[in-house]
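We count residues from 1, following the sequence as given.
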Amino acid sequence: MSTVRVSNPGNANLPIGNGDNNSRLSSGDGANLEIGVPRGWWSRCYLPHFDSGAVIQHVTLHLADSMPKQAIERLEAEIMLLPEEKRGTERRKRIEEWLDAGHGSCVLQVPEIAEMALDTLFFFDGERYRLLAWVIMPNHVHILLQPINGWSLAKIMASLKKFTATKICAYRRLPGN
């Protein structure tokens with residue numbers, strides 16, 4: 001099941017990042033993340049992130065079993081053999097190819113579970129972010145959103161994942177599921 005709604009998001013014209021995935025990309029001591037304040041460029045030692053309430057963001061959320069640890073480790077080992085300037089692009093390409101291949105439980109293909117994920121996206125729309133577009137795939141979700149009301153992207157993603165995971169786990173515990 002996939003659903004798409006698009007409004008006119010504009011263009012953020014952001015750079016991809018500086019490729020230095022082992023260091024923090026923004027200034028500050030990290031305290032802003034604790035209270036949910038957007039903090040500019042930053043990294044968690046793999047892909048650079050940009051967090052700002054004024055910027056439209058594309059986010060891909062995937063199910064935990066859709067990219068096993070062994071697959072990520074193999075991907076990273078292969079990526080390290082490439083020239084540094086090609087690693088970021090190739091990493092994103094390979095991750096998308098892996099997800100699109102439909103690995104894992106693919107529980108988002110169950111209509112009731114896909115609807116729960118969609119309901120979660122709508123639940124926070126207008127309160128924490130403006131939801132601009134989305135696609136629900138069998139093992140991952142693409143979201144285009146703009147944070148509002150001082151919500152950081154990290155806090156938005158944490159709440160979306162927690163809210164959705166709680167609903168999916170409860171559904172899967174029901175008899176017959």
Side-chain angles (χ1 to χ4, degrees), residues 1-5 9 17 21 24-26 30-53 55-73 75-76 91-92 94-174 177:
M1 170 186 187
S2 64
T3 308
V4 177
R5 183 189 96 188
N21 293 336
R24 185 176 185 100
L25 299 174
S26 67
N32 287 344
L33 184 62
E34 303 287 320
I35 58 173
V37 175
R39 60 183 180 169
W41 281 108
W42 63 284
S43 177
R44 290 191 312 186
C45 298
Y46 50 100
L47 292 176
H49 296 69
F50 185 81
D51 193 358
S52 168
V55 176
I56 294 168
Q57 302 278 350
H58 171 257
V59 179
T60 301
L61 301 172
H62 63 88
L63 300 176
D65 68 350
S66 65
M67 286 210 63
K69 185 177 181 180
Q70 301 88 336
I72 294 170
E73 289 171 351
L75 180 144
E76 287 301 324
R91 179 181 292 110
R92 286 186 291 277
R94 290 187 188 192
I95 287 172
E96 289 301 325
E97 287 173 351
W98 182 273
L99 291 173
D100 288 343
H103 296 285
S105 62
C106 293
V107 297
L108 291 170
Q109 70 186 345
V110 176
E112 295 85 358
I113 293 177
E115 195 66 33
M116 286 179 210
L118 186 57
D119 289 346
T120 300
L121 294 177
F122 284 134
F123 186 82
F124 295 116
D125 183 25
E127 177 187 329
R128 299 178 183 187
Y129 52 80
R130 284 185 327 131
L131 182 62
L132 302 168
W134 70 91
V135 178
I136 298 177
M137 304 296 285
N139 65 354
H140 66 286
V141 177
H142 295 283
I143 308 165
L144 190 64
L145 59 83
Q146 182 177 21
I148 60 173
N149 299 329
W151 280 85
S152 72
L153 187 60
K155 291 288 185 177
I156 290 169
M157 291 301 100
S159 64
L160 281 174
K161 290 193 259 185
K162 182 178 179 181
F163 198 80
T164 305
T166 300
K167 289 175 105 176
I168 291 172
C169 288
Y171 173 83
R172 294 189 79 188
R173 282 193 294 269
L174 294 173
N177 291 328

> Who pairs with Arg172 by salt bridge (charged side-chain N to carboxylate O under 4.0 Å, His left out), at least two apart in sequence or on another chain?
Replying inline: none
>> Please evaluate residues Leu145 and Met157 with respect to the criterion side chain to side chain contact (heavy atoms under 4.5 Å, CB included), reporting the C-alpha separation (whole Å), side-chain torsions for both, the decisive distance (0.1 Å), and the verdict.
In response: CA-CA 11 Å; Leu145 59 83; Met157 291 301 100; 3.9 Å; yes
> Lys162 and Thr166: which non-hydrogen atoms are nearest, and at how many Å?
Replying inline: O-OG1, 2.8 Å
>> Keeping Tyr129 on the side-chain end and Leu153 on the backbone end, is there a donor-acceptor pair under 3.5 Å?
In response: no
>> Taking side-chain hydrogen bond (donor to acceptor under 3.5 Å, both in side chains) as the definition, give me every residue that meets it alongside Asp119, ordered by chain and number, with sequence neighbours left out.
In response: none
> What residues form a side chain to side chain contact (heavy atoms under 4.5 Å, CB included) with Ile148, not counting sequence neighbours?
Replying inline: Arg130
> Could you go step by step and tell me if Trp151 and Phe124 meet the side chain to side chain contact (heavy atoms under 4.5 Å, CB included) rule?
Replying inline: CA-CA 11 Å; Trp151 280 85; Phe124 295 116; over 6 Å; no
> If you round to the nearest 0.5 Å, how far is CD of Glu115 from CD1 of Ile136?
Replying inline: 7.5 Å
> Counting heavy atoms not belonging to Phe123, are there more than 12 under 6.0 Å from its CZ?
Replying inline: no
>> Tell me whether the rings of His58 and His142 are parallel (<30°), tilted (30 to 60°) or perpendicular (>60°).
In response: parallel
>> Let me confirm one number: the OG1-CD1 distance from Thr120 to Ile168, rounded to the nearest 0.5 Å.
In response: 7.5 Å
> Taking only residues two or more places apart in sequence, or in another chain, which ones meet Ala71 in a side chain to side chain contact (heavy atoms under 4.5 Å, CB included)?
Replying inline: Pro68, Arg74, Trp98
>> Using the side chain to side chain contact (heavy atoms under 4.5 Å, CB included) definition, which of the options Ile113, Asp65, Asn177 pairs with Val107?
In response: Ile113
>> Quick check for you: to the nearest 0.5 Å, what is the distance between Arg91 atom CZ and Ile72 atom CD1?
In response: 11.0 Å
> What pairs with Ser66 under side chain to side chain contact (heavy atoms under 4.5 Å, CB included), at least two apart in sequence or on another chain?
Replying inline: His62, Leu63, Leu99, Asn139
>> Can you tell me how far apart CE (Met67) and CZ (Arg94) are? Round to the nearest 0.5 Å.
In response: 11.0 Å
> Under 3.5 Å, is there a donor-acceptor pair between the side chain of Ser159 and the main chain of Ile156?
Replying inline: yes
>> Contact between Leu160 and Arg128 at the side-chain level, heavy atoms closer than 4.5 Å - yes or no?
In response: no
>> For Tyr171, give me all partners under ring-ring contact (aromatic ring centres under 6.0 Å, His included), at least two apart in sequence or on another chain.
In response: none
> From Glu112 CD over to Met116 CE, what is the distance, rounded to the nearest 0.5 angstrom?
Replying inline: 7.0 Å
> Between Glu127 and Asn149, what is the shortest heavy-atom contact and its length?
Replying inline: O-ND2, 2.7 Å
